[in-house]
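Data block below; observations after.
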2 protein chains.
Amino acid sequence: MSTPPIRRKRATIHDVAIEAGVSRGTVSRVVNGERYVSAEAREAIESAIAKVGYVPNTAARNLVMQRTQAVGFVVHEPHSLFVDDPNIGNILLGANEALSEADHQLVCLVVDSERDTDRITRYLSGGFVDGVIMVSARQNDPITRVIERLGLPATFVGHPPDLRALPFVGIDNRKAAADVTAELVGRGRRRIGMIAAALDRDSGSDRLAGFRDALGDRFDESLVVDVPLYSYDDGFEGMSVLLGRDPSIDGVFAASDAVAAGALEALRVSGRRVPDDVSLVGFDDSAWALRCHPPLTTVHQPAAAVGQRAAEVLLAQLRGEDVSLEGSLVPTSVVRRGTV
Amino acid sequence: MSTPPIRRKRATIHDVAIEAGVSRGTVSRVVNGERYVSAEAREAIESAIAKVGYVPNTAARNLVMQRTQAVGFVVHEPHSLFVDDPNIGNILLGANEALSEADHQLVCLVVDSERDTDRITRYLSGGFVDGVIMVSARQNDPITRVIERLGLPATFVGHPPDLRALPFVGIDNRKAAADVTAELVGRGRRRIGMIAAALDRDSGSDRLAGFRDALGDRFDESLVVDVPLYSYDDGFEGMSVLLGRDPSIDGVFAASDAVAAGALEALRVSGRRVPDDVSLVGFDDSAWALRCHPPLTTVHQPAAAVGQRAAEVLLAQLRGEDVSLEGSLVPTSVVRRGTV
DNA sequence: TTGTATGCGTTATCAG
DNA sequence: CTGATAACGCATACAA
């Protein structure tokens with residue numbers, strides 16, 4: 001069995017016009033549901049459309065309309081995050097919902113290699129989309145620069161440090177970090193440390209700032225260890241260092257759930273019980289949080305709301321409205337589970 | 001602070017031609033890297049391009065070329081699955097890799113509501129993509145029908161029962177089910193039941209068939225309970241029924257990890273210990289598998305490979321090659337964890 | 001090697 | 001209400 005590579009030629013407005021015995025202009029009018037077409041013309045055209053199986057060619061329409069009703073959703077994350085972190089999927093779903101409401105098509109573009117970057121750059125500048133939502137852009141990201149150069153309407157989720165004149169939405173990392181750290185304090189912990197990560201991103205440095213806020217005078221620089229990535233391995237490593245620095249540590253804020261999971265393991269091999277001996281909190285409410293034993297107390301991100309907000313900000317730009325560059329922050333909540 | 005809604009007019013080939021003092025045809029030729037352009041012309045044109053900031057308009061190019069170098073990746077799953085099941089993300093990544101290799105852009109389209117279906121239908125028929133990869137199409141899916149009517153090149157991941165003349169790729173559900181059931185047998189279990197789900201999909205019925213294969217003579221119809229969805233709730237319900245039918249049951253094959261997770265809970269409330277009293281296996285190796293206590297022994301799907309294969313089959317169609325409709329099955333493996 | 005002319009499928013303008 | 005006709009931005013056969 002095999003597919004014959006036939007691909008019947010698509011009917012055009014022209015074909016419909018001939019079939020219905022009218023002009024292309026009239027056909028175009030009924031296709032776009034305009035007024036001022038006679039009932040008989042409309043009828044003839046509609047049956048002609050059905051007969052020849054006409055479906056409008058959007059490329060042609062885009063060309064003349066100068067818009068596509070489509071917006072790109074560019075996700076630039078390492079494999080593991082894309083697969084493990086429910087946040088990204090929820091952001092996508094939230095954005096899709098708002099866009100769908102406005103009759104725009106969300107097209108998700110995933111960049112996973114160098115050549116992906118080039119291709120997506122071309123795609124974006126090729127007029128396939130009216131605007132773009134960027135998720136987790138890198139600092140000095142080529143795609144960001146193309147967007148800027150093109151003047152393509154865009155909204156960022158989170159904001160890379162070098163983002164100047166483009167709006168973004170995100171969560172208040174600093175406040176959220178302070179809130180979750182407060183759980184440690186509320187539990188009566190005295191020696192509270194932090195495994196800070198990704199300090200080159202503002203999410204990383206903001207979380208550290210929030211930790212500091214929550215502790216105030218009791219903040220102790222020597223109890224902060226700083227690792228490069230939001231990863232399990234770095235969490236394990238960081239916790240080991242912390243334990244070496246002060247064996248009496250009894251509370252830890254890990255900069256992400258993955259980091260917390262690694263820390264939990266380090267704690268376990270060192271013979272500490274969580275939460276009996278030491279309390280631990282994470283950040284993200286990712287799949288790691290429930291995978292841990294006990295499940296993590298962590299910061300829940302309203303990912304869908306973030307996606308929705310991002311879409312709304314983009315749509316506003318598309319409508320030509322002025323949008324604030326301040327960025328809008330959606331509120332987080334801490335979810336209490338078993339580690340504190 | 002606010003963005004001025006300026007959006008500078010994009011430069012066209014025409015502008016470049018004027019700037020460089022040549023004709024549009026020549027510009028087009030250097031843009032597309034053709035031979036037969038003088039060094040001086042090329043040079044003048046290239047600097048002109050840089051000067052006016054020209055970037056080709058893909059909509060126009062698509063219109064004349066009749067292709068887009070883009071393929072759609074339509075995912076039609078309920079929220080929860082999209083977020084919980086790593087398989088879908090990995091399929092996406094695998095497909096993207098193969099497509100990227102061939103310089104095609106993967107655009108992911110998620111359908112999440114009735115209006116999404118309509119819009120995507122329009123998108124697909126509008127010439128935005130050269131072909132499409134359909135993930136988990138429904139039986140009698142409107143999108144499937146549009147694809148068929150358009151003669152749009154397509155590959156399905158999994159195959160809905162009503163899929164006729166379109167190629168698909170997937171896993172061998174039947175064999176995989178037999179393999180994982182064999183774990184139960186190998187453990188010496190005597191009263192082995194199954195919580196079958198989604199028997200209206202072929203994945204569902206194939207898994208049941210595989211279970212039957214593995215048990216042979218020892219298959220006992222009364223130990224099979226059949227629930228509608230691959231869900232936690234249905235798993236809980238199904239296990240309860242099974243326990244009612246035969247309290248001495250000591251092995252269970254749940255049709256998916258979500259089902260298994262529900263079953264595990266039902267087992268727990270009934271006072272059974274897993275795996276001491278009863279062995280349990282799942283299917284999918286989704287996030288549920290690791291979230292359970294103990295973690296599930298289950299069937300691992302080579303999701304990335306499935307995505308790659310799907311993309312390859314689609315690319316073959318785009319090249320005009322005949323492709324087999326038999327469907328290609330990629331091999332699975334069982335991953336042994338704590339429940340057997 | 002380069003320029004010219006034509007077509008791709010629509011929408012939009014403007015007379016009828 | 002309807003029919004020509006001109007864009008839209010690009011590729012391409014053909015002529016020069």
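Numbers restart at 1 for each chain; the letters A, B, ... are given by sequence-line order, proteins then strands.
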*Which listed nucleotide (D/dA6, D/dG9, D/dG3) is nearest to the side chain of A/L63?*
D/dG9
_Using whole Å, what does the distance between atom P of nucleotide C/dA12 and atom CG of A/N32 come to?_
7 Å
_Atom-pair distance (CD on A/E34; P on C/dT11), nearest Å_ = 9 Å
*Give a yes/no answer on whether the side chain of A/S23 brings an N or O atom under 4.0 Å of OP1 or OP2 in D/dG3.*
yes
*In whole angstroms, how far is the P atom of D/dC1 from the CD1 atom of A/I45?*
13 Å
*Contact class for B/A59 vs. all strands (heavy atom < 4.0 Å): base, sugar-phosphate, or nothing?*
nothing
*Ignoring hydrogens and geometry, is there a side-chain-to-backbone donor-acceptor pair from A/S28 to A/R24 under 3.5 Å?*
no
*asked:* Of the listed nucleotides (D/dG3, D/dG9, D/dA6), which one gets closest to any side-chain atom of A/Q66?
replied: D/dG9
*asked:* Under a plain distance cut-off of 3.5 Å, with no hydrogens placed, do A/D116 and B/S100 share a side-chain donor-acceptor pair?
replied: yes
*Is a side-chain N or O of A/D141 found less than 3.5 angstrom from the main chain of A/I143, in a donor-acceptor match?*
yes
*asked:* I need the CG-P distance between B/D15 and D/dG9, as an integer number of Å.
replied: 9 Å
*Select one nucleotide: of C/dT10, D/dG9, C/dG3, the one nearest the side-chain heavy atoms of B/T26.*
C/dG3
_Of the listed nucleotides (D/dT2, D/dC10, C/dT10), which one gets closest to any side-chain atom of A/R29?_
D/dT2
*Looking at the side chain of A/M65, which of C/dT2, C/dT11, D/dG9 is the nearest nucleotide?*
C/dT11
*Which listed nucleotide (D/dG3, C/dT10, D/dC10) is nearest to the side chain of B/N57?*
D/dC10
_In terms of relative ring orientation, are B/F128 and A/F128 parallel, tilted or perpendicular, with 30° and 60° separating the classes?_
tilted
*asked:* From CD of B/E43 over to C1' of C/dT1, roughly how many Å is that when rounded to an integer?
replied: 16 Å
_Of the listed nucleotides (D/dC10, D/dC1, C/dG9), which one gets closest to any side-chain atom of B/R61?_
D/dC10
*Between A/Y54 and C/dT10, is there a side-chain N or O to OP1/OP2 distance below 4.0 Å?*
yes
_Rounded interatomic separation in angstrom, taking CD from A/E40 and C1' from D/dC1_ = 10 Å
*Atom CD1 of B/I13 to atom C1' of C/dC8: distance rounded to whole Å?*
15 Å
*Got a salt bridge between A/E312 and A/R309, using NZ or NE/NH1/NH2 to carboxylate O under 4.0 Å?*
yes
*asked:* Using whole Å, what does the distance between atom P of nucleotide D/dA4 and atom NE2 of A/H14 come to?
replied: 11 Å
*Expected output: side-chain B/S38 to main-chain B/A41 donor-acceptor under 3.5 Å*: yes
*Nearest-nucleotide comparison on DNA chain C, the residue closer to the 5′ end among A/V64 and B/V22*: B/V22
*Ignoring the backbone of A/S38, work out which of D/dT2, C/dT11, C/dT1 is nearest its side chain.*
D/dT2
*Of all the nucleotides listed (D/dG3, C/dT10, C/dT11), which has the minimum atom distance to the side chain of A/S28?*
C/dT11
*Sugar-phosphate only, base, or nothing, as touched by A/R35 at under 4.0 Å among non-hydrogen atoms*: nothing
_Categorize A/V55 for me: base, sugar-phosphate, or nothing, with a 4.0 angstrom heavy-atom threshold over every strand shown._
sugar-phosphate
*asked:* Checking contacts here: which listed nucleotide (D/dG9, C/dT2, D/dG3) is nearest the side-chain heavy atoms of B/A60?
replied: D/dG9
